[in-house]
Amino acid sequence: MLVRKMDSEVLVLATDNRGKIVELTDLLKPYHLRVLSTKDLLLPDPEETGSTFIANAKIKALTAAQASGIPAMADDSGFSVAALEAAPGIYSARWAGPQKDFNLAMQLVHYKMIISKSDDTQAWFTCALALAWPDGYCESVEGYVYGRVVWPPRGDNGFGYDSMFVPDGKNMETFGECNINRKKLISHRADAFSRLVNRCFKGRNFDGKRLLSFRQK
Ligand SMILES: O=c1nc[nH]c2c1ncn2[C@H]1C[C@H](O)[C@@H](COP(=O)(O)OP(=O)(O)OP(=O)(O)O)O1
Ligand SMILES: [Mg+2]
């Protein structure tokens, strides 16, 4: 059985999204890896031609791993609204336009919900994580968080659509109002990361550092 170890000390994060880099770097902390982004390495940002979150995450991770010769992790994620038949979904970044203006994107969601005449405020985030090696081996998972849309948006923390989303549960804070420690307990990114780690077998290297090690399928 071939074991795929993340024993290189370096991991490339195949993203130029600052919000994701902050949250993924925080989730990776227990693995003591040196995390570099494709932005740091001036690597190309590939076309996201996939029709699913997983397909796009794999494209980003494999492109970065093969271009850098270093294992790479990518996140493809998005915001979905029931009243908009799960839109914007994989097009969540595109609704913000070339200027990545998420105030515009959130207004678009809000106005489309008004036009839909639906009173269903259910919404969810999806995060697909892919971890790829330069030889093309890739592990991928998907995580979710469910909740509802609120208007007007509240809070300046996080990024993207955070300030218009209240996760299910007693706490009525939006993701834009809560801090990273609360978000990382319940977010789609944390859910995907824990599913990825649960697929690893529990390994520690010589100095006790936890390893991301997979039994190759
Ligand atoms: O936790 C989140 N809180 C709020 N909004 C979020 C979150 N997670 C994804 N989102 C939204 C904004 C993001 O721009 C888009 C992902 O689109 P997506 O293509 O995966 O990312 P991106 O283009 O921003 O960066 P990159 O492709 O370089 O990873 O969905
Ligand atoms: Mg993108």
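All residue numbers in this chain count up from 1 along the given sequence. All values below were derived from every heavy atom in this structure, side-chain atoms included, with hydrogens, water molecules and symmetry-related copies excluded. Read the numbers this way: they start at 1 and go in the same order the structure lists the ligands and their atoms.
Near Asp16, meaning under 4.0 Å from any of its heavy atoms, are these atoms of ligand 1: 25 (O), 28 (O). Near Ser92, the atoms of ligand 1 lying under 4.0 angstrom from a non-hydrogen atom of the residue are 15 (C), 30 (O). Every atom of ligand 1 with a heavy atom of Phe159 under 4.0 Å away is listed here by number and element: 1 (O), 2 (C), 3 (N), 4 (C), 5 (N), 6 (C), 7 (C), 8 (N). In the vicinity of Asp76, heavy-atom distances shorter than 4.0 Å reach the ligand 1 atoms 18 (P), 19 (O), 20 (O). Which parts of ligand 1 touch Thr15 is read off a 4.0 Å heavy-atom cut-off, strictly below it: atoms 25 (O), 26 (P), 28 (O), 29 (O). Taking every heavy atom of Ala93 and a limit of under 4.0 angstrom, the matching atoms of ligand 1 come to 14 (O), 15 (C), 17 (O), 23 (O). Atoms of ligand 1 lying under 4.0 Å from any heavy atom of His188, numbered from 1 in the order shown and given with element: 1 (O), 2 (C), 7 (C), 8 (N). Atoms of ligand 1 found under 4.0 Å from any heavy atom of Glu48, numbered from 1 in the order shown, are 19 (O), 27 (O).
Ion pair Lys183/Glu23 flagged as a salt bridge, since at least one NZ, NE, NH1 or NH2 atom sits closer than 4.0 Å to an Asp/Glu carboxylate oxygen. With respect to the salt-bridge test (charged N to carboxylate O, under 4.0 angstrom), the residues Asp16 and Lys100 qualify.
Between the side chains of Asn17 and Thr15, no donor N or O sits under 3.5 Å from an acceptor N or O.
When non-hydrogen atoms are compared, ligand 1 lies under 4.0 Å from neither the backbone nor the side chain of Phe165. Within the 4.0 Å heavy-atom criterion, the part of Lys183 lying near ligand 1 is the side chain and not the backbone.
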Run the side chain to side chain contact (heavy atoms under 4.5 Å, CB included) test on Thr25 and Leu13 for me, step by step, so that the C-alpha distance in whole Å, both residues' side-chain angles and the decisive distance to 0.1 Å come before the verdict.
CA-CA 9 Å; Thr25 304; Leu13 282 185; 3.9 Å; yes
Show your reasoning for whether side chain to side chain contact (heavy atoms under 4.5 Å, CB included) applies to Met164 and Trp151.
CA-CA 6 Å; Met164 75 183 305; Trp151 194 262; 3.8 Å; yes
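Considering only non-hydrogen atoms, atom 13 (C) of ligand 1 lies nearest to Phe102 out of Phe79, Tyr161, Phe102. Distances from atom 16 (C) of ligand 1 to the heavy atoms of Ser187, Gly19, Ser77 put Ser77 nearest.
Residue-ligand proximity: Lys60 is placed with a non-hydrogen atom under 4.0 Å from ligand 1. Put simply, no part of Phe175 is less than 4.0 Å from ligand 1, judged by heavy atoms.
Residue Asp75 is tested with His188, Lys60, Lys20 for a side-chain hydrogen bond (donor to acceptor under 3.5 Å, both in side chains); the sole match is Lys20.
Ring geometry for Phe125 against Phe79 counts as tilted: the plane angle lies between 30° and 60°, on a 0 to 90° scale. Between Phe102 and Tyr161, the ring planes are perpendicular. Angles over 60° get that label, and only those under 30° would be called parallel. Using cut-offs of 30° and 60° on the angle between ring planes, the pair Trp124 and Tyr146 is tilted.
A donor-acceptor distance shorter than 3.5 angstrom exists from the side chain of Asn198 to the backbone of Ser194, with no hydrogens or angles considered.
Within a 6.0 Å sphere centred on CG of Asp156, heavy atoms belonging to other residues, nucleotides or ligands number 12 at most.
For atom 3 (N) of ligand 1, the nearest protein heavy atom (residue, atom name, distance) is Asp162 OD1, 2.6 Å. Lys20 NZ, 2.8 Å is the protein heavy atom nearest to atom 20 (O) of ligand 1. Remark: minimum distance from atom 8 (N) of ligand 1 to any protein heavy atom is reached at Arg189 NH2, 2.9 Å. With respect to atom 6 (C) of ligand 1, the closest heavy atom belonging to the protein is Phe125 CE2, 3.6 Å.
In Glu48, the N, O or S atom that comes nearest to the Mg ion (ligand 2) is OE2.
Between Ala61 and Ala72, the shortest heavy-atom distance links the atoms O-CB, 3.5 Å.
Considering both main-chain and side-chain atoms, Asn17 comes within under 3.5 Å of ligand 1 through a nitrogen or oxygen pair.
The Mg ion (ligand 2) does not have Asp76 among its coordinating residues (no N/O/S atom, backbone or side chain, under 2.8 Å).
The shortest side-chain heavy-atom distance between Ser163 and Met106 falls under the 4.5 Å cut-off.
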